[in-house]
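Notes for the one structure printed next.
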Amino acid sequence: MTEARASNDLWGGRYAEGPSAIMREINASIGFDRKMWRQDISGSLAHAKMLAHVGIISTEDEAAIRAGLAGIAQEIEEGRFPFSEALEDIHMNIEARLTERIGEAGKRLHTGRSRNDQVALDVRLWVRDAIDGLDAQIAAVMRELVARAAEHAGTVMPGFTHLQPAQPTTFGHHLLAYVEMLSRDRGRLADCRKRLNESPLGAAALCGTGFPIDRHMTAAALGFDGPTRNSLDSVASRDFAAEFLFACAMCATHLSRFAEEIVIWTNPYFGFIKLSDAFTTGSSIMPQKRNPDAAELVRGKTGRVIGSLVGLLTVMKGLALTYFKDMQEDKEGIFDAAESLALGLAAIGGMVRDMKPQVARLAEAAGAGFSTATDLADWLVRELRFPFRDAHHVTGRLVALAEGKGVDLAGLTLAEMQSVEPRITDGVFGVLTVQASVASRTSFGGTAPANVARMAAEWQERLG
Ligand code: ARG
């Protein structure tokens, strides 16, 4: 077999279709941008209405366009729309079908606009809708967390740094930490929404148009705060999408950390929570297993969301102004990130509702690892007026003593304590329990159950 034949066997099949087939395939976005059909139709309806209003098209044409687009919406909804790869994208698919359905009037719709401003508009509208959906979902997850936090404001558990036992905290306090993170995620989405809420429609190909269009009118009709102010920027920029992807990536990262904790907590060596069959799977070979797959997938999908952000920035970084076809690559990442995050939020919300904190096990773990050592040091500062550094040192020696005897701090006798520091009195035993430790941390934002209950109530009020 000659080398030419060999290569022909490998990829000659594709070439046999001719270069135009490959061009069509690489050029087409209809496979994914059909997701924006609603936004495309909304944009066209607003544009047509404006064209009629300023007298660029007749009111009869506008009525025909409106009816035609309504028919198309129905066709798409019912799965009867003849999507065509040859027509490249959602914009040309809908426009071609419109002309097929209503004739001449359909051909007038594209007056004073271009696919460049059209696609910029559709993506903005899609992202704006996605923001609204995600915001509602995040709020729902926050409500689940707050409800469980209120329930477990006083349920003690170990607080960790370096995944080493650090100080006792409460399960409610831990859950409310995520409520704070998610609240900032909502804030980021809201900021992004505010900045993206300008209409690029009417920027046309890149320089605007000589037709007497009214961009303020279309902007208002589509719920924007106003039109974008520079036509070149309007068709060249996707920073709104990058911001959206960052907000998604950050939120997904928060969910991922929580998912990681669920993986740790459900591990039998920890045994902090139990998940039901609803969010775990068994092993096909090891009958004892109960794997936290949903949490693992929330953590795993975060990679895709971060990837979409990096992907978009990479697509944009080398582009001179204004539009290049590279930008068609923005969409799949945006769609995928939004969908992955939506699924992650649903899964986390479900697991928060499903999880059963193992209260006794949490309490036992909360007291392990000399977790009240800081309370002992603080007692030395408060009662014996030790400088904190010296208190830290004395406490370290007491921990070493307890460790050597195989007991926890409260298990040392007063005499043993006094062998390290003679001024210690039996008042010290009052601060060595986990309950006393958490109850003492009343500083604003601290772990005291009373604080946690108050914060949970505040959040309940805020979230409605
Ligand atoms: N499908 C294209 C995209 O997603 C629409 C814009 C096409 N514009 C152009 N000048 N070819 O970016």
Between [atom1] of [X] and [atom2] of [Y], what distance do you get to the nearest 0.5 Å?
X      : Y      : atom1 : atom2 : answer
Glu364 : Arg361 : CD    : CZ    : 4.5 Å
Ile76  : Ile41  : CD1   : CD1   : 4.5 Å
Met50  : Met217 : CE    : CE    : 7.5 Å
Gln358 : Phe171 : CD    : CZ    : 10.0 Å
Thr218 : Ile213 : OG1   : CD1   : 6.5 Å
Ile72  : Gln74  : CD1   : CD    : 11.5 Å

Side chain [X], main chain [Y], donor-acceptor under 3.5 Å:
X      : Y      : value
Thr169 : Thr447 : no
Ser237 : Asp233 : yes
Asp117 : Leu201 : no
Ser340 : Ala337 : no
Asp89  : Ser29  : no
Asp61  : Ala105 : no
Ser183 : Val179 : no
Glu85  : Ala28  : no
Thr228 : Asn230 : no
Asn197 : Gly223 : yes

Should the pair [X] and [Y] be classed as cation-pi, given the thresholds of under 6.0 Å to the six-membered ring centre and 45° from the axis?
X      : Y      : answer
Arg128 : Phe224 : yes
Arg462 : Trp459 : yes
Arg188 : Phe246 : no

At their closest point, which heavy atom of [X] faces which heavy atom of [Y], and how far apart are they?
X      : Y      : answer
Leu341 : Leu255 : CD1-CD1, 3.8 Å
Leu275 : Arg290 : O-NH1, 2.6 Å
Ala241 : Ile334 : CB-CD1, 3.6 Å
Leu176 : Ala456 : CD1-N, 3.9 Å
Ala120 : Ser234 : CB-O, 3.6 Å
Leu69  : Leu98  : N-CD1, 3.8 Å

For the residue pair [X] and [Y], confirm or rule out a side-chain donor-acceptor distance under 3.5 Å.
X      : Y      : result
Asp293 : Thr281 : yes
Tyr178 : Glu261 : yes
His173 : Thr170 : no
Arg124 : Ser199 : no
Gln167 : Ser371 : no
Asn291 : Thr280 : no
Ser276 : Asp354 : yes
Asp40  : His91  : yes

- Query: Run the salt bridge (Lys or Arg N to Asp or Glu O under 4.0 Å) check on Glu88 and Lys325 step by step: do they pass?
  - Reply: CA-CA 12 Å; Glu88 268 187 52; Lys325 209 48 169 293; 3.2 Å; yes
Within a 6.0 Å radius of atom [atom1] on [X], are there more than 12 heavy atoms belonging to other residues, nucleotides or ligands?
X      : atom1 : result
Leu163 : CG    : yes
Glu78  : CD    : yes
Arg80  : CZ    : yes

Before accepting this row, confirm whether a basic side-chain N of the pair [X]/[Y] lies closer than 4.0 Å to the acidic partner's carboxylate O.
X      : Y      : value
Arg38  : Glu77  : yes
Glu260 : Arg257 : no
Glu75  : Arg97  : yes
Glu62  : Lys49  : no
Lys331 : Asp122 : no
Asp132 : Arg193 : yes
Arg215 : Glu198 : no
Lys35  : Glu339 : yes

Test item: [X] and [Y] side chains (from C-beta on) under 4.5 Å apart, heavy atoms:
X      : Y      : answer
Thr253 : Met250 : yes
His47  : Gln118 : no
Leu134 : Leu345 : yes

- Message: Test side-chain contact (heavy atoms from CB on, under 4.5 Å) on His152 and Val359; report intermediate values, then the result.
- Response: CA-CA 9 Å; His152 291 284; Val359 175; 4.2 Å; yes
- Item | side-chain contact (heavy atoms from CB on, under 4.5 Å) evaluation trace for Ile138 with Leu189 | CA-CA 11 Å; Ile138 298 173; Leu189 285 172; 3.8 Å; yes
- His174 and Trp265 aromatic ring geometry - parallel, tilted or perpendicular at 30°/60° bounds: perpendicular
- Task: For side-chain contact (heavy atoms from CB on, under 4.5 Å), just list the numbers for Leu45 and Arg66, CA-CA rounded to whole Å, side-chain angles, deciding distance to a tenth of an Å, and then say yes or no.
- Result: CA-CA 6 Å; Leu45 287 170; Arg66 201 168 353 111; 3.6 Å; yes
- Message: Run the salt bridge (Lys or Arg N to Asp or Glu O under 4.0 Å) test on Arg238 and Asp326 for me, step by step, so that the C-alpha distance in whole Å, both residues' side-chain angles and the decisive distance to 0.1 Å come before the verdict.
- Response: CA-CA 12 Å; Arg238 293 293 183 270; Asp326 307 48; over 6 Å; no
- Note on the structure: Residue set satisfying ring pair (Phe, Tyr, Trp, His ring centres under 6.0 Å) with Phe81, at least two apart, ordered chain then number -> Phe83
- Message: Could you work out, with ring pair (Phe, Tyr, Trp, His ring centres under 6.0 Å) as the rule, every residue matching Phe335, not counting sequence neighbours?
- Response: Trp126
- Which residues pass the salt bridge (charged side-chain N to carboxylate O under 4.0 Å, His left out) test with Glu151, sequence neighbours left out? Arg148
- Message: Could you go through Leu182 and Cys251, starting from their C-alpha distance and side-chain angles, then the distance that decides it, and tell me whether this counts as side-chain contact (heavy atoms from CB on, under 4.5 Å)?
- Response: CA-CA 7 Å; Leu182 292 175; Cys251 183; 4.0 Å; yes
